[in-house]
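Contents: one structure, followed by commentary.
The first residue of the sequence shown is numbered 1, and numbering continues consecutively from there. As the structure lists them, so they are numbered: ligands from 1, and atoms in each ligand from 1. Scope of the values below: all heavy atoms of this structure, side chains included, with no hydrogens, waters or symmetry mates. Only a predicted model underlies this, so the values are computations on that prediction, with no experimental measurement involved.
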Amino acid sequence: MTELDRLRQLAAHSHAVIVAHQDVGGAYPAAPTFSAYKGYAWLRDGSFTAEGISRYGDVQSADRFHDWVDRVLRGRRAQVDDLCATVARGEVPDDSAMLPTRFTFDGADGSDPWWDFQTDGYGMWLWSVVTHAARHGLDLERWRGGIDVAVDYLVAFWDRPCYDWWEEHVEHRHVSTLGAIHGGLVAISPYTSAPAQEVAASIRALVDAEGIHDGHLTKWLGSSAVDGSLPACVVPFGLVSGDVAAATLEAVAGDLDVDGGVHRFAADVFYGGGQWILLSALLGWNLAVAGDTEGAWRRLRWIAAQADEAGDLPEQVAHHLLHPGSRDEWIARWGTVASPLLWSHGMYLILADELGITRKAA
Ligand code: BGC
């Protein structure tokens, strides 16, 4: 079998894993067998997974995911109206009153404790549903109810500190979170009367003033460190371009990439702080768009080498750990690393498509 055949086979397997585990109601579970994620679906994981599936050409599976999010968010209309009314009265709602970051498959909060207040997923979903609809010529009105809820929520709460993509530092405003909201609001702006472009411009101004150090984006406003999620602020979320974009990719590659595998951030102790498949794909995707095809291929090959015998991709691998002493405590707490992680497979599909491996001849 040629290398290309193997890479295509991994794409086919990635698609198969994602659709095999998709809930009947449309949700993509984060990781079907991993103790701490079992029974829950995230907007963050799901939005990128849906993008991979949409690029792979499975319109129906992506539609079903977006139908699920639309249904879940329509069910939150009253909650968001209450939250917006609280703000209009000049009061600040408690974090516990905000929308969750993950949902059970029937759209409930679930009863397991989680670091729940995160806004990035709502922006990601707007970007994901608009991109999917545009790619396949679909009518966005199908998801109108959910879209309006997400837009109202983000317009009201975009600048509020919340947990980052990794459930950490609720006290900060995270640049990757702001980037995701920016991407979602810009994508939806032609289809809403809400001030999406105005908020997006405010995000750009804020990040410009407080989220850049040494020419690159930073992990949170006022920090100097980088985070492996920051490339998303370039592609797909378009928060920055030009020199800041280039410096950000360079800083992430320089500080967090080892042999093609990307760490989340320097202080990461989760399972010892290994290399994340989905972040390698995110960097590779960015490099491909920036014209560094060789760099993108290097990340794709690294990812493919991490698949197990069945072709499953985990959340992270342990070849290079930033804090090896912290690995065992997580294994004792939650078991071995999540695998398969649907977001890893979804990101592989995105990068494979970006490099033309899975594109059907026109
Ligand atoms: C990660 C999140 C992710 C979740 C589900 C967490 O450990 O920090 O980014 O959304 O797992 O995959």
Enumerate the atoms of ligand 1 whose separation from the nearest heavy atom of [X] is less than 4.0 angstrom.
{"X": "Arg264", "answer": "8 (O)"}
{"X": "Asp45", "answer": "3 (C), 5 (C), 10 (O), 12 (O)"}
{"X": "Trp166", "answer": "8 (O), 9 (O)"}
{"X": "Glu315", "answer": "7 (O), 11 (O)"}

Is it the case that [X] and [Y] place a side-chain donor and acceptor less than 3.5 Å from each other?
{"X": "Thr49", "Y": "His345", "result": "no"}
{"X": "Ser229", "Y": "Ser176", "result": "yes"}
{"X": "Asp116", "Y": "Tyr163", "result": "no"}

Inset, instruction - Report yes or no: do Leu282 and Leu239 belong to one cluster of Ile/Leu/Val/Met/Phe/Trp/Tyr joined by side chain heavy-atom distances under 4.5 Å? - result: yes
Inset, instruction - State yes or no: do Leu126 and Phe157 share one hydrophobic cluster built from I, L, V, M, F, W and Y residues joined by side-chain heavy-atom distances below 4.5 Å, directly or via other members? - result: yes
Legend entry - Side chain, backbone, both or neither: Glu168 near ligand 1, heavy atoms under 4.0 Å: neither
Inset, instruction - Please indicate whether Glu294 has more than 12 foreign heavy atoms, meaning atoms of other residues, nucleotides or ligands, lying under 6.0 Å from its CD. - result: no
Is there a nitrogen or oxygen of [X] sitting under 3.5 Å from a nitrogen or oxygen of ligand 1?
{"X": "Glu167", "answer": "yes"}
{"X": "Tyr37", "answer": "yes"}
{"X": "Trp114", "answer": "no"}

Legend entry - Candidate with minimal heavy-atom separation from atom 9 (O) of ligand 1, of Trp165, Phe270, Trp334, Trp276: Trp165
Legend entry - SB check Asp164 Lys219 (cutoff 4.0 Å): yes
Legend entry - contact_flag Leu341 ligand 1 heavy-atom lt 4.0 Å: yes
